[in-house]
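Keep in mind the model is a prediction, meaning the values are calculated, not measured. Excluded from the calculations below are hydrogen atoms, water molecules and symmetry mates; all remaining heavy atoms, backbone and side chain alike, are included.
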Amino acid sequence: MSAPPDEMPKQYSPTESEARWYEFWESSGFFAASEDPDDTRPTYTLAIPPPNVTGSLHMGHACRTTFEDVLCRHKRMQGYNTLWVPGIDHAGIATQVVVERQLKKEGLTRHDLGREKFIERVWEWKAQSGDRILEQLRKMGASCDWPRTKFTMDPDMVRAVREAFVRLYEEGLIYRDTRLVNWDVAAQTVLSDLEVEQEENVEGTMFDFAYRLADGDGEVVVSTTRPETMLGDTAVAIHPDDRRYFHLHGKYVRHPFVDRLIPIVLDAELVDVELGTGVVKVTPAHDPNDFATGKRHGLEEINIFNLDGTMNENTGPFQGLDRFEARKAVEIELSNLGLTRGNKKHMMTLPRSQRSGTIVEPMISTQWFVNMTPLADPAIEVVEDGTIQILPQEWTKTYFHWLHNIQDWCISRQLWWGHPIPAWYCEACDHVTVAREDPSACAGCGGSQIRQDEDVLDTWFSSGLWPFSTLGWPDDTFTLRRFYPTQDMETGYDILFFWVARMVMMGLHFTGKVPFTRVLLAGLVTDERGEKMSKVKGNVIDPLDVINGATLAELVQKAEAAGAKKAGIKYLEATYPDGFVPYGADALRMTLLSYSPQSRRIALSIKRIEGYRNFANKLWNASRYALMRLSDSQTVASQTRPEPKSLANRWVLSRLYHALDVTSTGLDAYRLDEASQALYHFVWDEFCDWYLEMSKPALDGGDAALVRETEATLVHALETVLRALHPMMPHITEEIWQRVPKWGEAPSSIMITRFPTALIDAKADRSAERAFEVVQAFVGSTRTIRAEHDVPKSHPMRIHWHSAEDAKRSVLEAERATIETLARCEMVFEADPAKLDDPAAHFKNAAVFVNPGVRAAVPEVIDTDKERDRLQRDLKKIERELGAVEKKLGNPSFLERAPEAVVEKSKRDASELREKRERLEAALNSL
RNA sequence: GGGCGGGUAGCUCAGCGGUAGAGCGCUGGCCUUACAAGCCGGAUGUCGCAGGUUCGACCCCUGUCCCGCCCACCA
């Protein structure tokens, strides 16, 4: 291991430290899960959502990685045999598009290369991109078990995918069929329903035109937003009960452009009498509704498009036109024929390809499908009965809704990059051979003229097997038995259907077990305005830039290279005029953790990262202080908590108890925000702002016993909070922890220590907390006076005080040294409380109420006007509060119906407020 | 068309039946030997709107208006 430098500089610098410790952990084997058969620890397994090999990681991945790493490190420290399986996804269509774009820059298409060369090219890309991604995960501090890294196209994954496909086929759940599918004319592949995004509220035109009756007598008027599809019309439908059109029953219309008679069919399902003219054109080959109608009536399905979206040979004079040109052309021609019947604006939704962004064309095509209904039912059950828990819970409904309405999954893709479909077609007979091993002959007729299906599988097919394929499935391996089912599946809600639901279905089907027991869904990381990060908008924040720092020039250059528009660059320059300093992975992690994981949006702000960078520095300096004070002593952090006597020491242990309690609850309930906030506030607001300050007089004083217990408590609290923070800020906690003097058998790294718990490592001490509140109030009041009256710190104030309550008096007496240091004052006990109000005495100005039962006055306050203002403001506030409480107490129903404790508390509040008011009034009068 | 989520301090968001919170920002004062990436003070809210339930509502119910997202074969 590499020892940290001995001296601690004033500023913590993450850059060098983070790399050093990561290397130490990895080379020490701390990330490895144990396969030792004698290891009896319970296991905790989490499969990484494998990032796509489409480039480098973005902030969403950083967020995923952080959450997952916190879960894993926490479990590991709790004594679980923890396995975090890393990996990467081949991401079929996405990756192919990226590589094709590269080729385009060289003036090539994939067809120029040919399939084999192209795939080689993608593998090259994969090597680069994959390595970069794994490196980035390391930079984030991810404690993955690296030797187990999987790629979804590794040989063992290929085998798993094949096995899954063949089994489903043999079970009749995978089948081949010709139906209307979503066609991406740019990528020239079919898409699943999920890969089609609906662009809402697009303004379109509803276009009316007439078909003339074939017998020459009259016409029917139909409406469409897509006039070009009329070239594929093979029927016109009316409602069977529509009286207006009884005369049309059994008749035909003539197509104006192609030589075709079109039947008028009666269809109660398709036609809504109320809508439009009540006559519907039917294009079975290009509209889902019409497709179904065509099936009902045995209509001809005429495809009018080529695969690239141009018009085909069935479109007569329009052949060769692009589909949108054809739309215009058809309108013009109809108009020329006098068949147009007007048009109007129409709001509609447009289906777009998630990948290429082009408008998806419904087309008839033969594809492979999975019959989902039999798989969906068990997947619904395990969530209903709580075997799998989805967080945040409201997603459960969405999950159910989707599964209840599930459609068969189109799994074939007309791509080159992906898992080949293990199906072979026979030249001689119709038989389709689906096999685990490449066949040499047709399984039907034995003929050797067979040809493999050229398509590949949807990338999510292999992803669906991920939790168990990565552990050795289909073999019944020791690893699989030990680590499957996994526990947590942490991912983005946007792939709940794409991935999570499919893993549940596949897992149940193939292993008979749920693949995981908790689904943790996080929101989308956006820029600080809440806008989605996009290369074009120039608002992408690269995690590595945040960690390592980047100048504005570098940011701009990168954004430009990524294709950002001018406005995007401007935004970038305006928002980050100084670029990023190296904030470090810990600061970024802590920032991401601070956002509520149940929120749908994580609007990342650099300011916030800066805040947590500052927190890291705060922790650093607090440690620096603590270690400096310990340097000459024998004190070491021990595994047993000290039992101190002094108020400050007892208090800090009690606050530590509270912080650890909230932290543990938060980590268990997946409220990482609450867990991290509890530690943040403990460290900064309590440990640093109060405890460390109080430790100074204690350590400087002559009381040897107090010095001893303070040192013990100080080092204990520090060491404990470091362990608690380690899952969130792994690097800095290690950097500091290594310097903390520790017990004899201490482990070599903080990451393999025991995670602290409130009951063992801290101690709730209600009486210490109550007593400390008196001290805090006293110190706070004096500080306020000092600030309000511009009394310089160099000017020691003398505070005369009184309390009739023995308990409070003894607390204040006992803590005199502490208070006098914190408040920079001298405390003088005034035996006669009346003196504090005596205008004739010194106290004519700043009589101040400290808290119920304690009063104090400062004699030498300078500014009477300011004091009056302050008192009046306080008085007003108190009167408002008192008014509310008194109103409540004046309500007989309240006294009768409210729980006793609530009533008691209100009464107590009221009397305290009255006392306070009285004092303030007296003070005002004495001015 | 259906569903989900949100509207709380200038900004970004927690909270959720018992007297409104954080971070950042704003503001006054401090280079107090752990930390100026800091310390000590201070200001700031008709908790979207309207009803209802309740002794009591930011929190529960109903309605309503905005904003975002998801699902859906809306000629």
Side-chain angles (χ1 to χ4, degrees), chain A residues 8 10-12 180 193 198 206 222-226 229 237 270-272 275-283 287-293 346-349 362 392 394-395 397-398 401-402 405 493-494 496-497 523-524 528-530 581 591 594-596 598-605 607-608 610-629 673-674 677 680-681 688-689 692-693 696 780 783-788 790-794 822-824 880-885 887-888 891-899 901-903 905-906 909 913:
Chain A
M8 293 176 79
K10 276 190 172 190
Q11 284 194 1
Y12 172 66
L180 203 65
D193 296 342
Q198 304 293 336
M206 182 66 83
V222 295
S223 305
T224 180
T225 54
R226 305 194 49 196
T229 61
L270 179 71
V271 181
D272 181 347
L275 221 56
T277 58
V279 185
V280 185
K281 62 189 276 302
V282 184
T283 322
D287 178 279
N289 277 322
D290 296 3
F291 181 75
T293 307
H346 177 74
M347 296 309 276
M348 54 184 198
T349 53
E394 63 254 22
W395 287 105
K397 266 190 182 173
T398 313
H401 183 259
W402 188 70
N405 298 288
Y493 69 78
D494 52 324
L496 177 62
F497 306 143
L524 240 46
E528 61 194 78
R529 301 167 297 180
V581 301
T591 308
S594 72
Y595 293 92
S596 171
Q598 62 192 7
S599 155
R600 292 200 181 198
R601 208 179 57 176
I602 292 176
L604 186 70
S605 127
K607 273 296 188 192
R608 198 141 162 173
E610 196 178 311
Y612 286 101
R613 187 273 314 258
N614 294 352
F615 173 67
N617 197 50
K618 188 75 181 173
L619 182 66
W620 177 255
N621 276 292
S623 307
R624 201 159 76 94
Y625 163 80
L627 297 177
M628 249 151 63
R629 304 302 300 234
D673 57 332
E674 289 177 356
Q677 289 317 291
Y680 176 92
H681 282 119
C688 289
D689 285 353
L692 292 188
E693 291 307 321
K696 289 173 186 173
R783 281 172 174 169
T784 305
I785 291 178
R786 193 180 274 284
E788 295 278 341
D790 298 325
V791 183
K793 294 242 168 62
S794 52
L822 295 182
R824 305 218 163 205
R880 205 169 45 224
E881 286 174 17
L882 188 56
V885 179
K887 189 181 163 197
K888 195 148 78 170
N891 183 343
S893 305
F894 172 72
L895 298 173
E896 208 175 296
R897 314 277 291 266
V902 173
V903 176
K905 177 157 189 317
S906 297
D909 288 350
L913 287 167

Checklist outcome for this item: Expected string for nucleotides 18-30 of chain B under the B/S/- scheme (protein heavy atoms, under 4.0 Å, primed atoms plus P, OP1, OP2 as sugar-phosphate) is BB--S-SS---B-

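Ring pair A/W402/A/F497 is parallel by interplanar angle, where below 30° counts as parallel and above 60° as perpendicular.
Evaluation of the salt bridge (Lys or Arg N to Asp or Glu O under 4.0 Å) rule for A/K397 yields no partner, not counting sequence neighbours.
In this structure, A/R786 places its CZ atom 12 Å from C1' of B/G41, rounding to the nearest Å. The interatomic distance linking A/L524 (CG) with B/C69 (C1') rounds to 10 Å, in whole Å. Separating the CG atom of A/N621 from the C1' atom of B/A34 is a distance of 5 Å, rounded to the nearest angstrom. A/Q198 has its CD atom 13 Å from the C1' atom of B/G1, to the nearest Å. Rounded to an integer number of Å, the gap from CG of A/L496 to P of B/C69 is 18 Å. Atoms CG (A/D494) and C1' (B/C71) sit 15 Å apart, rounded to a whole Å. Remark: P of B/C13 and CG of A/L604 are 11 Å apart, rounded to the nearest angstrom. Summarising the geometry, the separation between CG on A/D673 and C1' on B/U12 is reported as 14 Å, rounded to the nearest angstrom.
The P atoms of B/U53 and B/C40 are separated by 48 Å, rounded to the nearest whole Å. Spacing between B/A14 and B/G6 at atom P, rounded to whole Å, works out to 9 Å. Across B/C26 and B/C11, the matching P atoms stand 15 Å from one another, rounded to whole Å. Between B/G25 and B/U12, the distance separating the two C1' atoms is 11 Å to the nearest Å. Across B/G68 and B/A9, the matching C1' atoms stand 23 Å from one another, rounded to whole Å. Spacing between B/C16 and B/C59 at atom P, rounded to whole Å, works out to 13 Å. B/U46 and B/A22 have their C1' atoms separated by 23 Å, given to the nearest Å. Of the C1' atoms belonging to B/G28 and B/G45, the separation is 22 Å, rounded to the nearest Å.
Nucleic acid contact for A/S605: none, since no nucleic acid atom lies under 4.0 Å from a heavy atom of the residue. A/L270 comes within 4.0 angstrom of a base, heavy atoms only. A/N617 comes within 4.0 angstrom of a base, heavy atoms only. Within the nucleic acid shown, A/E896 has no heavy atom closer than 4.0 Å to any nucleic acid atom. Residue A/E693 is classed as a base contact, given a heavy-atom separation below 4.0 Å to a base. Nucleic acid contact for A/N405: none, since no nucleic acid atom lies under 4.0 Å from a heavy atom of the residue. Base engagement by A/R613 is indicated by at least one non-hydrogen atom pair under 4.0 Å involving a base atom.
Between B/C35, B/C40, B/U12, one nucleotide has an atom nearer to the side chain of A/A603 than all others, and that is B/U12. When each of B/A34, B/C71, B/C13 is scored by its nearest atom to the side-chain atoms of A/A622, the top-ranked nucleotide is B/A34. Closest to the side chain of A/R601, from the set B/A34, B/C55, B/U12, is B/U12.
Closest heavy-atom contact between A/S594 and A/D673: O-CB, 3.7 Å. Across all their heavy atoms, A/A603 and A/E528 have their closest contact at CB-O, 4.1 Å. The heavy-atom pair separating A/R600 from A/Y493 by the smallest distance is O-CE2, 3.6 Å. Listed here is the closest heavy atom pair of A/T283 and A/D290: N-OD2, 2.7 Å. Of all heavy-atom pairs spanning A/K10 and A/N617, the tightest one is O-OD1, 3.8 Å. Nearest heavy-atom pair across A/Y12 and A/A616 is CD2-CB, 4.3 Å.
Taken to the nearest 0.5 Å, the CD atom of A/Q11 stands 10.0 Å off from the CZ atom of A/R624. Remark: A/K696 NZ to A/L822 CG distance equals 9.5 Å, nearest 0.5 Å. To the nearest 0.5 angstrom, A/W395 atom CH2 is 12.5 Å from A/Q598 atom CD. Interatomic distance, A/K618 NZ to A/D689 CG, rounded to the nearest 0.5 Å: 5.5 Å.
In this structure, A/Y12 and A/T784 both approach RNA chain B, and ranking their closest nucleotides by distance from the 5' end singles out A/Y12. Summary of the strand contacts: A/S599 and A/M348 both lie near RNA chain B, and taking for each the nucleotide with the nearest heavy atom, the more 5' one is attributed to A/S599.
Remark: B/C31 base-pairs with no nucleotide; criterion is Watson-Crick or G-U wobble with both hydrogen-bond distances under 3.5 Å. Across the strands present, B/G5 finds its partner in B/C67; the criterion is a Watson-Crick or G-U wobble pair with both atom distances under 3.5 angstrom. Under the Watson-Crick and G-U wobble criteria, each requiring two contacts below 3.5 Å, nucleotide B/A50 is paired to B/U62. With a cut-off of 3.5 Å on both Watson-Crick or G-U wobble distances, the partner of B/C13 is given as B/G21. Pairing partner, B/G45: none, since no Watson-Crick or wobble contact has both distances short of 3.5 Å.
A/K696 has a side-chain polar atom (N or O) that falls below the 4.0 Å cut-off from OP1 or OP2 of B/A34. For A/K618, no side-chain nitrogen or oxygen approaches OP1 or OP2 of B/C35 to under 4.0 Å.
Between A/R226 and A/D287, the closest side-chain pair of non-hydrogen atoms is not below 4.5 Å.
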Protein-nucleotides 3-5 of chain B N/O pairs closer than 3.5 Å?
unit_1 : atom_1 : unit_2 : atom_2 : d
B/C4   : OP1    : A/K397 : NZ     : 3.0
B/C4   : O2'    : A/R600 : NH2    : 2.5
B/G5   : O4'    : A/R600 : NH2    : 3.4

